[in-house]
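Encoded as structure tokens, the structure appears first; notes follow it.
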Amino acid sequence: MTRHRKGLIKFPSFGCFEREHSLQIHAQKITQQQIRLYLIKKLLPHLEDRRKYHQEFASSTSFHGVHNIVQTQSKTRKVLWLLVVAGCLAIVIWQIYSRFIYYFSWPTTTTVVVQYVENVKFPAVTFCNLNRFQAHAVSNLRIIFLIWNIVSGVLQKFSMEDKYAQELNDFLLGNQKFSIKEFTRKNGFYLNSSTLLECDFFGKPCYPQDFEHVFTEYGNCFTFNYNDLPARRVSLSGRGLHLLFDVQQEKFTDEPALGYTDAGITFVIHSPKELPRFDGLGLLTPVGMHAQVSIRQLKSIIQEYPWGECKPDIKLQYHKIYSINGCLQECKARYIQDWCGCLPFILPGNGTECDLLKFYNCVYPAVYDIEIKGLCTVGTHNSTCPAPCEETDYPTTITYSSFGGEKAIKYFSAKLKKSPEYVRQNLVRIDIKYHDLSYKITQQQKALTISELLADVGGQLGLFCGASMITIIELLEYIFTNFCWICIFLLLKLLCFPTSVWAYGAVVV
């Protein structure tokens with residue numbers, strides 16, 4: 001390159017570039033030719049070989065009927081066999097499609113099995129007095145009933161009337177250090193030799209210390225056969241737990257204005273590993289009555305989603321086994337602790353205990369908000385608390401009779417040193433026993449498993465086409481071989497395209 005006086009740059013001749021470009025094109029053509037020759041000689045069979053491959057496949061395949069189409073010389077037979085094979089293939093496709101549609105509808109069946117055993121585990125039973133507080137303790141503190149209803153509102157929905165709001169505000173402001181938990185534990189219903197007159201389990205005496213204290217919406221309640229004790233079993237039907245309570249109506253009372261108008265014992269039968277739930281499930285024995293409760297054990301096994309609604313991997317933090325009631329309590333506890341910075345003592349957890357002001361100003365509105373917004377839902381697999389995969393229930397049959405005849409009334413009147421009227425107005429007898437030594441298992445099962453689906457598909461293929469898994473592999477191999485040949489044909493076609501030509505240009509400064 002030389003520079004002239006006028007400041008222009010003169011480029012050398014383009015001849016050398018043209019020669020270099022032509023050499024590159026020539027080398028590219030040689031490479032393409034070599035690739036084409038390799039593909040044709042090594043990978044792509046001759047036309048006759050390909051025809052022979054197709055004919056051999058049709059003659060030797062285990063897919064029945066195809067060889068009859070190929071080998072027969074009669075056109076009529078060819079057409080007939082073609083129609084037969086096509087018809088069978090259409091039926092197979094329809095049958096397999098219907099089986100897959102059925103499988104993905106996640107069908108289930110329910111089996112019921114009654115298992116008879118030599119002995120059976122006895123459930124837990126939680127008892128509460130319908131009159132929740134000692135009369136002397138609440139004679140000047142009638143607001144206690146309302147406070148307890150607000151506190152236990154995390155377990156059972158409670159709506160407070162406006163007329164109590166001012167009275168409640170005045171009490172809370174003047175008694176900020178008041179503990180409803182300690183007040184209820186100290187002045188609620190208690191279980192001792194004066195309230196539990198008789199206790200017998202399968203012929204052996206039991207005592208108040210065999211019961212575990214628990215808080216419910218009924219205040220102080222007591223659970224027999226709670227989780228920490230060794231499992232109690234019965235080996236004879238018709239025998240179980242026999243109790244005689246004295247509800248002591250003159251000592252314990254409740255507020256009729258809030259709906260508590262009955263006298264007696266309420267109880268709920270549940271698994272020893274689960275919490276008692278009275279809302280809608282509690283049984284009631286009024287005073288002066290003898291309740292005979294016959295129970296059965298029912299185990300339910302539910303399939304996981306999408307066949308059922310359970311989630312086997314869900315665990316609870318403060319309960320050993322999963323239950324809807326325990327899950328709901330932990331769900332409410334989490335939301336209340338997040339919103340209010342404290343935890344109601346009636347719910348599980350390790351947070352700071354809520355005082356009365358927090359209960360009224362935050363916890364009570366938070367529980368209402370949880371209900372309205374549906375923050376703790378139950379039932380389906382995508383709810384907060386889905387159905388448990390395994391659950392044990394105790395269906396009951398209960399019959400009542402008046403407690404004691406004339407002689408029995410006189411006997412207990414002399415024994416307790418009370419009047420016959422007192423016996424009729426305060427004593428409650430409850431007998432809980434198994435109907436028979438058996439338990440019923442209700443199990444939800446998959447109506448069609450994956451192995452059964454494969455068996456159905458194989459049966460349809462074998463029935464209409466005489467095909468098997470080997471046949472499927474043969475077809476896949478045949479399709480794959482033809483696919484490779486098609487790809488080679490396309491590649492050869494691309495290699496025949498003309499090479500693009502480079503563009504030239506010059507720059508003048």
Side-chain angles (χ1 to χ4, degrees), residues 124-156 158 178-199 206-229 241 243-256 258-270 272 274-279 281-287 325 329 343-348 353-356 359 426-428 430 432:
V125 190
T126 300
F127 301 91
C128 310
N129 192 342
L130 291 176
N131 292 322
R132 297 173 292 179
F133 294 98
Q134 297 177 36
H136 72 87
V138 297
S139 58
N140 297 321
L141 289 173
R142 306 191 66 84
I143 196 67
I144 292 298
F145 300 110
L146 185 62
I147 293 174
W148 182 256
N149 280 8
I150 292 174
V151 170
S152 62
V154 297
L155 300 178
Q156 183 181 25
F158 168 74
F178 179 80
S179 173
I180 187 64
K181 175 182 178 181
E182 295 304 320
F183 180 88
T184 303
R185 187 186 292 272
K186 182 179 179 181
N187 298 290
F189 177 65
Y190 50 80
L191 198 68
N192 58 19
S193 58
S194 67
T195 55
L196 182 63
L197 303 180
E198 293 180 5
C199 181
C206 47
Y207 306 96
Q209 53 265 32
D210 294 321
F211 293 73
E212 176 75 1
H213 174 269
V214 61
F215 283 117
T216 73
E217 54 264 45
Y218 288 97
N220 291 336
C221 296
F222 300 88
T223 301
F224 178 80
N225 197 30
Y226 58 95
N227 189 35
D228 293 337
L229 288 179
L241 182 63
L243 302 164
L244 179 63
F245 290 98
D246 184 355
V247 300
Q248 299 182 359
Q249 286 197 62
E250 79 282 359
K251 291 185 178 180
F252 298 95
T253 186
D254 218 304
E255 180 54 62
L258 296 177
Y260 294 87
T261 58
D262 299 325
I265 296 292
T266 181
F267 60 98
V268 63
I269 301 171
H270 55 95
E274 295 181 5
L275 296 171
R277 179 189 171 195
F278 281 90
D279 186 15
L281 299 177
L283 302 172
L284 175 64
T285 304
V287 292
N325 187 33
Q329 290 195 15
L343 188 66
F345 68 87
I346 209 166
L347 292 179
E353 184 179 320
C354 298
D355 56 30
L356 280 182
F359 260 111
N426 290 276
L427 266 59
V428 175
I430 300 174
I432 303 173

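Computed over heavy atoms, backbone and side chain alike; hydrogens, waters and symmetry mates excluded.
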W148 and F133 aromatic ring geometry - parallel, tilted or perpendicular at 30°/60° bounds: perpendicular

Which atoms form the tightest heavy-atom contact between C354 and P344, and what is the distance? SG-N, 3.8 Å

Please walk me through it: do I180 and I144 pass side chain to side chain contact (heavy atoms under 4.5 Å, CB included)? CA-CA 8 Å; I180 187 64; I144 292 298; 4.1 Å; yes

Once side-chain contact (heavy atoms from CB on, under 4.5 Å) is applied, do any residues pair with T266, and if so which ones, sequence neighbours excluded? C128, L130, Y218, F278, L284

Quick one: ring-ring contact (aromatic ring centres under 6.0 Å, His included) partners of F359, sequence neighbours excluded? none

Would a 4.5 Å heavy-atom cut-off, applied to side chains only, mark F267 and F224 as touching? no

Is the backbone of T184 close enough, under 3.5 Å, to the side chain of N220 for a donor and an acceptor to pair up by distance? yes

For T285, side-chain hydrogen bond (donor to acceptor under 3.5 Å, both in side chains) partners two or more places apart: none

Check side-chain contact (heavy atoms from CB on, under 4.5 Å) between P286 and all other residues, then give those that pass, not counting sequence neighbours. M289, Y400

Non-neighbouring partners of F245 that pass ring-ring contact (aromatic ring centres under 6.0 Å, His included), sequence neighbours left out: F127

Roughly how far, to the nearest 0.5 Å, is CD of Q209 from CG of N192? 10.5 Å

Give, for atom CG of L191 and atom OH of Y207, the distance between the pair rounded to the nearest 0.5 Å. 14.0 Å

State, to 0.1 Å, how close P208 and S193 come at their nearest heavy-atom pair, and which atoms those are. CG-N, 4.1 Å

Heavy-atom pair of closest approach, residues P276 and H270: CB-NE2, 3.7 Å

I'd like to know if the side chain of T223 and the backbone of Y226 have a donor-acceptor N/O pair within less than 3.5 Å. no

Sequence neighbours left out, what passes side-chain contact (heavy atoms from CB on, under 4.5 Å) with E274? Give chain and number order. S271, I321, S323

Nearest-0.5 Å distance that lies between atom CG in N131 and atom NZ in K251: 13.5 Å

Taking only residues two or more places apart in sequence or in another chain, which ones pass side-chain contact (heavy atoms from CB on, under 4.5 Å) with L197? L244, D246, L416, L427

Non-hydrogen side-chain atoms of Q248 and Y190 separated by less than 4.5 Å: yes

Please report the shortest heavy-atom distance between R277 and V268, naming the atom on each side. O-CG2, 3.5 Å

Please report the interatomic distance CZ(F211) to CG(L196), rounded to the nearest 0.5 Å. 5.5 Å

Residues two or more places apart in sequence or in another chain: which of them pass side-chain hydrogen bond (donor to acceptor under 3.5 Å, both in side chains) with E353? none

Is there a side-chain contact between V428 and V247 (heavy atoms, below 4.5 Å)? yes

Where do P272 and N225 come nearest, in terms of heavy atoms and distance? CB-O, 3.5 Å

What distance separates S179 OG from D355 CG, expressed to the nearest 0.5 Å? 10.0 Å

If the condition is side-chain hydrogen bond (donor to acceptor under 3.5 Å, both in side chains), which residues does Q134 pass it with, not counting sequence neighbours? H136

As an exercise, state the distance from CD1 of I432 to CD1 of I269, rounded to the nearest 0.5 Å. 4.5 Å

Using the side-chain hydrogen bond (donor to acceptor under 3.5 Å, both in side chains) criterion, which residues pair with N325? Sequence neighbours excluded. none

Note: Q329 and I346 closest approach over all heavy atoms is OE1-O, 4.2 Å

